[in-house]
Amino acid sequence: MYKLGYKFPELKIPEMPQITPLSHYITGEASFAALKKAVEEIVSLAPEDHDVFIQAFNITVTEIRYVEPHTFILSGFNYDGHNTSVVCHYTQLLAHVVYLPKREEKRRIIGFIQ
C-alpha cells in the first residue's frame with residue numbers, strides 16, 4: 001500500500017445554530033408582538049400629555065385582543081365617537097400607531113389582551 005507521509009488535520013465541524021422556522025414569523029402571534037413593540041416605541045416618543053392608540057379600519061383602537069392562532073379583535077371608537085369593534089385575520093391588518101392629545105385627564109395607552 002502506498003503511504004503519503006502526510007497526516008491530514010482533523011476537521012471540526014461547528015454546531016449549526018438554531019434556526020427559527022419561517023412559520024414562526026408568519027403568524028398572528030408575531031404580528032401581535034410587532035404591534036406591541038411599535039406601540040412601546042411610540043409611547044417612548046410621545047409627549048406625556050398625549051394618548052397612544054392604533055388607527056385601523058377607520059377606528060381609533062383602544063384595545064386589541066389576539067385570539068389564537070390568527071384572529072385580532074380591535075375595539076375602540078369611530079370618527080363620530082361611537083364605540084365599535086372589528087374582527088379580522090392578522091393578514092388583513094394595516095395599522096397606524098399614533099399619539100393624539102389626551103381626551104381625558106388620565107393618559108390612555110392602547111391595551112393588549114392575549
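Sequence neighbours left out, not one pair with a member in residues 88-101 passes salt bridge (Lys or Arg N to Asp or Glu O under 4.0 Å). The list of salt bridge (Lys or Arg N to Asp or Glu O under 4.0 Å) pairs with a residue in residues 19-46, not counting sequence neighbours, is empty. Applying the side-chain hydrogen bond (donor to acceptor under 3.5 Å, both in side chains) test to every pair with at least one member in residues 77-86, sequence neighbours left out, gives these pairs: Ser75-Ser85.
Residues Ile59 and Leu74 approach most closely at CD1-O, 4.1 Å, considering heavy atoms. Contact record, Gly76 with Thr62: CA-OG1, 3.6 Å, taken as the closest heavy-atom pair.
Taking the ring pair (Phe, Tyr, Trp, His ring centres under 6.0 Å) definition, one finds that His89 meets it with His70, sequence neighbours left out. A search for side chain to side chain contact (heavy atoms under 4.5 Å, CB included) contacts involving Pro47 returns Asp49, His50, Tyr99, not counting sequence neighbours. In this structure Tyr66 satisfies the ring pair (Phe, Tyr, Trp, His ring centres under 6.0 Å) test together with Phe32, Phe72, sequence neighbours excluded. For Glu48, the salt bridge (Lys or Arg N to Asp or Glu O under 4.0 Å) partners at least two apart in sequence or on another chain are Arg107. Contacts of Glu63 classified as salt bridge (Lys or Arg N to Asp or Glu O under 4.0 Å), with partners at least two apart in sequence or in another chain: Arg65.
Through ILVMFWY side-chain contacts below 4.5 Å, Phe77 is grouped with nothing and stands alone. When hydrophobic residues (I, L, V, M, F, W, Y) are linked wherever their side-chain heavy atoms come within less than 4.5 Å, the members clustered with Val87 are Val67, Ile73. Under a 4.5 Å side-chain heavy-atom cut-off, the cluster of Ile, Leu, Val, Met, Phe, Trp and Tyr residues that includes Leu100 is completed by Phe53, Val98. Members clustered with Ile19: none, using a 4.5 Å side-chain heavy-atom cutoff among hydrophobic residues.
Taking OG1 from Thr60 and NE2 from His96, the interatomic distance works out to 11.0 Å, rounded to the nearest 0.5 Å. Rounded to the nearest 0.5 angstrom, Glu15 CD and Lys12 NZ are separated by 13.0 Å.
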Going through the checks in order, is the side chain to side chain contact (heavy atoms under 4.5 Å, CB included) test met by Leu35 and Leu93?
CA-CA 10 Å; Leu35 277 174; Leu93 183 63; 3.5 Å; yes
